[in-house]
Amino acid sequence: MRKTEVPESVKIVGNNIKEIIKEKNLKVRYVAHDSDLDIEALRRYMLGKQIMGIDKLIRISKALDVEISELFRKID
């Protein structure tokens, strides 16, 4: 794998975040604010373009009010 390639699991987590935001009718900017993240950083995570650290995953799951395991659904 080239250094610039992002693993498929990162893309799945980003898509899960996007789906949860949609399911809960939330605004991305509010989730970013509640996660203490820059909105563009959250968008990169949602698009699977950037790998998230565990600290960011925890903050995002708290902002979404879901168990962190929900962010990992659909990963084999």
Side-chain angles (χ1 to χ4, degrees):
M1 178 167 48
R2 289 186 5 227
K3 193 173 185 177
T4 56
E5 288 181 21
V6 178
E8 187 63 28
S9 57
V10 173
K11 295 175 185 178
I12 293 170
V13 171
N15 194 56
N16 289 340
I17 292 168
K18 192 185 324 182
E19 286 179 4
I20 294 167
I21 289 172
K22 187 176 179 181
E23 288 168 7
K24 293 185 169 228
N25 292 315
L26 300 172
K27 299 278 187 196
V28 174
R29 67 176 168 260
Y30 296 137
V31 175
H33 178 269
D34 292 347
S35 303
D36 196 28
L37 293 171
D38 177 84
I39 192 167
E40 290 305 316
L42 181 57
R43 285 190 174 130
R44 284 191 304 274
Y45 296 145
M46 290 168 52
L47 292 171
K49 292 185 176 186
Q50 186 171 338
I51 297 174
M52 295 163 261
I54 189 67
D55 59 324
K56 296 195 178 49
L57 287 167
I58 292 168
R59 294 190 326 224
I60 292 168
S61 70
K62 286 181 179 180
L64 294 173
D65 193 30
V66 297
E67 293 291 325
I68 196 165
S69 60
E70 282 295 303
L71 303 182
F72 295 95
R73 64 185 181 199
K74 301 178 188 169
I75 294 180
D76 295 330

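In this chain, residues are counted from 1 in sequence order.
- Rounding to the nearest 0.5 angstrom, the gap separating the CD1 atom in I21 from the CG atom in L64 is 5.5 Å.
- Put simply, CG on N16 and CD1 on I60 are 11.5 Å apart, with the number rounded to the nearest 0.5 Å.
- Here the side chains of E8 and K11 are in contact, with some heavy-atom distance below 4.5 Å.
- In K24, the NZ atom is crowded: over 12 heavy atoms of neighbouring residues, nucleotides or ligands sit closer than 6.0 Å.
- If you chain together hydrophobic residues whose side chains sit under 4.5 Å apart, I75 and L47 never meet in one group.
- In the displayed structure, F72 atom CZ is contacted under 6.0 Å by more than 12 heavy atoms of other residues, nucleotides or ligands.
- The shortest distance between side-chain heavy atoms of I20 and V31 does not fall below 4.5 Å.
- Nearest heavy-atom pair, G48 versus V6, reported as atom, atom and distance to 0.1 Å: O-CG1, 3.4 Å.
- A 4.5 Å side-chain heavy-atom check between V28 and K18 finds every atom pair outside the cut-off.
- Under the 4.5 Å side-chain criterion, counting only non-hydrogen atoms from C-beta, M52 is in contact with I17.
- Considering all non-hydrogen atoms of both residues, S35 and R59 come closest at O-NE, 2.8 Å.
- A continuous path of Ile, Leu, Val, Met, Phe, Trp and Tyr side chains, each step under 4.5 Å between heavy atoms, connects V13 with L26, placing both in one hydrophobic cluster.
- A salt bridge links E70 with R73: the closest approach of a Lys/Arg side-chain nitrogen to an acidic carboxylate oxygen falls below 4.0 angstrom.
- One hydrophobic cluster, built from ILVMFWY side chains closer than 4.5 Å, cannot hold both I39 and Y30; they sit in different ones.
- Scanning both residues, Y45 and I51, for their nearest heavy atoms gives CE2-O, 3.8 Å.
- When side chains are defined from C-beta on, E40 counts as touching R43, because their heavy atoms get closer than 4.5 Å.
- Surrounding CG of D38 are more than 12 heavy atoms belonging to other residues, nucleotides or ligands, all under 6.0 Å away.
- With contacts defined as side-chain heavy-atom distances shorter than 4.5 Å, the pair E19/K74 qualifies.
- Closest approach of L57 and L71 over heavy atoms only: O-CD1, 3.6 Å.
- The local environment of CD in E23 is crowded, with over 12 non-hydrogen atoms from other residues, nucleotides or ligands closer than 6.0 Å.
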